[in-house]
Number of protein chains: 2
Amino acid sequence: MYFCTNVCILKVTIVDIAKKLNITPSTVSRALAGNKRISEKTRELVKNTADTMGYQPNQLAAALRKGVNDSIGMVVPRINRHYFSNVICGVEEVLNKAGYNLSILQSSELLEKETNAINTLRQSRVGGIIISLSLETENYDHLKELNEQIPLVQFDRVCESITGPKLVNANYDGTRQATQYLLDKGCKRFLHLAGKDTNNVYKERKRGFTDALKDAGIPEKNIEVVEIIPTREEGRDVITKLWKHQQFDAVICAGDYAALGVMEALKQINVSIPDEVKVLGFANEPFAELMSPSLSSVEQYGEEMGRKAAYAMLNKIKDDSLDYTEVLPVKLICRESTR
Amino acid sequence: MYFCTNVCILKVTIVDIAKKLNITPSTVSRALAGNKRISEKTRELVKNTADTMGYQPNQLAAALRKGVNDSIGMVVPRINRHYFSNVICGVEEVLNKAGYNLSILQSSELLEKETNAINTLRQSRVGGIIISLSLETENYDHLKELNEQIPLVQFDRVCESITGPKLVNANYDGTRQATQYLLDKGCKRFLHLAGKDTNNVYKERKRGFTDALKDAGIPEKNIEVVEIIPTREEGRDVITKLWKHQQFDAVICAGDYAALGVMEALKQINVSIPDEVKVLGFANEPFAELMSPSLSSVEQYGEEMGRKAAYAMLNKIKDDSLDYTEVLPVKLICRESTR
DNA sequence: TACAAAAATACAAACGTTTGCATTAATAGC
DNA sequence: GCTATTAATGCAAACGTTTGTATTTTTGTA
């Protein structure tokens, strides 16, 4: 069917259709949009010839003229992180159905890349931005500015002092519940490997941990909190160093990767899990279930988070005054590492 | 500093700057672009006032006028698959540095969503598309058409009959080497859980498997190939059913998730891995290393693939006649499941 | 058949850039 | 001091849509 070359296929525009049918571009535009002002007959005619000519509407021109863009931007710390990639899927699912499409950028946990990403998205005039902050982000000026300009939805790692929809996981409840669970198991000496305190996620997890222990009357000397970057390596290193001076029977980590490191380190020095130490992670990464012993963790539902963030965006676009914080429930998953 | 409202910040345009400085928009445009035709003095002046006014260039307008867009589209089967999310990171890394940005869409393994994604990207006039095909895609008309219109780079799951840059993993070599490794270990009765034969990736993996065995003189009756959708569930189910009639001492799977299912099923019926059966996967998912016994697999370097795909795109944009297939090396990773 | 009302379409400006060409200002050469 | 040359800027059209308003065509009614 395609006898003509690239160029001609690519360049078919509303004016070409208009010329072919001896009508005006405006009529074509309206016909394609299904406007009732155009007669049923010409509407059909236009649609058909548009099809046969291989017409592809020019999003750029339309967005420029309309002043609104039906694509939404998304900024995440890392695309290849299980949790975030799941959130992306959820967002995509909802936005796609609503006729929007998604531009995804990653900040790689860097403030500079985050700022760049935001600027890129603004320059391409996205209709809104869904963001989860980088670990490095402690100054929020760029966000405050952004928030005054286009619809902004924050999720997971958020800046609380910025108005608008914010969706977070029940980090406090999750860790508190997890800690309580270990208390019930009879643990006495607790270690928490926490993340940066400037981050709402890690701050809340730490708070859940300490509150649970305080309420249970555990003496301070049996509670230790160490702030790390929650990676496999740091988890391993920190435990290895720490264990020489101090032992625990419960280690609660701010993330599964740190917990993985902890377990590896403990195995290496022949500390038995869960008999001598119980280990708990957070995020329920796919590997948690499959390790040996399998790792207890806290599931946070990424796709659901994504869907909620997308709906929040759709609503925020309609009503700019939207301002709330929703806390999504998480679920403690008990496995061998805490039996 | 921001006394004025949303609207006014958002709307600052090249004309506003021009008015403020009593010069024309064209001068402003050229100044911002660093054009030498504009005097050093006004260039600086314009840039400074643009900054203080919070000017954000309108990508839409520029792309519309220039007829080219500095954003690249990417279509992958699933964003939340470890391999693909790694490829995305690689692509992003390179394109970002080159001043492009990325729009990522997922096909969810469906032809229809793939076609939609492509259309969406074309409508937003991306400068090129990097794609890995959905499993469902067996008809390539939409790709052939696309390939005549904008720069197209295929990776991993490709259509061989379409010209242009194609980057694939050494699926044949990888499986062949893996099979040879099991032959060397003394295995005699081989099972391959293959994926769809219409897919280049799975076809090559199967070919590597059968070629290795044929060359080793393994009799046909000791070779079995079963085509499945390589998921955990199917791996589990197929083995459970199969094992009743037929046993093997080597199971080579087209993917790690299928291998995981296989191992679970075998554990359930008390078949020992690796003593009675050796199991091998493909892709080296993060969990492979952490399982017990740990799963031998074939590493395919996602980020490197992404970087190569991005470079291919940058080159293809410059030179449309580019047409080659590059095979990226993979690496057999031997672990406990094949000891 | 004429005429108002309604339906269908046409006209033209606008969105914010970029860019070829025209114009003005500045410098140089004599 | 006057023209030739170069440097700096201005003008206006174009990219492909959308949309308010104007115009034409059709329909209905008397």
(request) Specify the separation, in whole Å, of atom OH of A:Tyr55 and atom C1' of D:dG16. (result) 8 Å
(message) Do B:Ser108 and B:Arg78 have side chains that approach each other closer than 4.5 Å (heavy atoms only, starting at C-beta)?
(response) yes
(request) Find the distance A:Ile17:CD1 to C:dA10:P and express it as a whole number of Å. (result) 14 Å
(request) Kindly say whether, by distance alone, the side chain of B:Arg125 makes a donor-acceptor pair under 3.5 Å with the base of D:dG16? (result) no
(message) By nearest heavy atom, map B:Ser29 and A:Ile38 onto DNA chain C; which one lands nearer the 5' end?
(response) A:Ile38
(message) On the nucleotide C:dA8, are OP1 or OP2 found under 4.0 Å from the side-chain N or O atoms that A:Thr42 carries?
(response) no
(message) Among C:dA10, C:dC21, C:dT18, which nucleotide has an atom closest to any side-chain atom of A:Arg30?
(response) C:dA10
(message) What I'd like to find out is whether the side chain of A:Val46 reaches to under 4.5 Å of the side chain of A:Thr27, using heavy atoms alone.
(response) no
(message) As a test of reading the structure: which of C:dC15, C:dA10, D:dT9 is closest to the side chain of A:Thr27, going by heavy atoms?
(response) C:dA10
(request) Nearest whole angstrom, please: distance from the C1' of D:dA14 to the CD1 of B:Ile14. (result) 15 Å
(message) Return whichever of B:Ser39 or B:Ala61 has its heavy-atom-nearest nucleotide of DNA chain D closer to the 5' end.
(response) B:Ser39
(request) Please examine the side chains of A:Leu146 and A:Tyr140, heavy atoms only from C-beta on, and report whether any two atoms are closer than 4.5 Å. (result) no
(request) Check if the side chain of A:Arg65 and the base of D:dT18 share a donor-acceptor pair of N or O atoms closer than 3.5 Å. (result) yes
(message) Any heavy-atom pair between the side chains of A:Val91 and A:Ile72 that's under 4.5 Å?
(response) no
(message) Less than 4.0 angstrom between a side-chain N/O of B:Thr13 and OP1 or OP2 of C:dT17, yes or no?
(response) yes
(request) With heavy atoms under 4.0 Å as the rule, sort B:Asp16 into base, sugar-phosphate or nothing. (result) nothing
(request) Let me know the distance between CG of A:Leu32 and C1' of D:dT17, rounded to the nearest Å. (result) 11 Å
(request) Decide, yes or no, whether a salt bridge links B:Glu160 with B:Lys166 under the criterion of side-chain N to carboxylate O below 4.0 Å. (result) no
(request) Measure from NZ on B:Lys36 to C1' on C:dT19 and round the result to the nearest Å. (result) 19 Å
(message) Ignoring hydrogens and geometry beyond distance, is the side chain of B:Thr24 in donor-acceptor contact with the base of D:dC11 at under 3.5 Å?
(response) no
(message) What I want to check is whether the side chains of B:Thr137 and B:Ser134 have a donor and an acceptor closer together than 3.5 Å.
(response) yes
(message) Looking only at the side chain of A:Ser26 (C-beta and beyond, no hydrogens), which of the listed nucleotides D:dG16, D:dT19, C:dC21 gets closest?
(response) D:dT19
(request) May I ask you to say what A:Leu60 touches in the nucleic acid, namely base, sugar-phosphate or nothing, with a heavy-atom cut-off under 4.0 Å? (result) nothing
(request) Measure from NZ on A:Lys11 to C1' on D:dA14 and round the result to the nearest Å. (result) 11 Å
(request) Give one of base, sugar-phosphate or nothing for B:Asn35, where a contact means two heavy atoms less than 4.0 Å apart. (result) nothing
(message) Let's test your reading of the model: under 3.5 Å, does the base of C:dT9 pair with the side chain of A:Arg37 as donor and acceptor?
(response) yes
(request) Let me know the distance between CG of A:Asn58 and P of C:dC15, rounded to the nearest Å. (result) 18 Å
(request) Using whole Å, report how far CG of B:Leu64 lies from P of D:dG16. (result) 7 Å
(request) Side chain of B:Lys66 only, please: which of D:dG10, C:dT18, D:dG16 is the nearest? (result) C:dT18
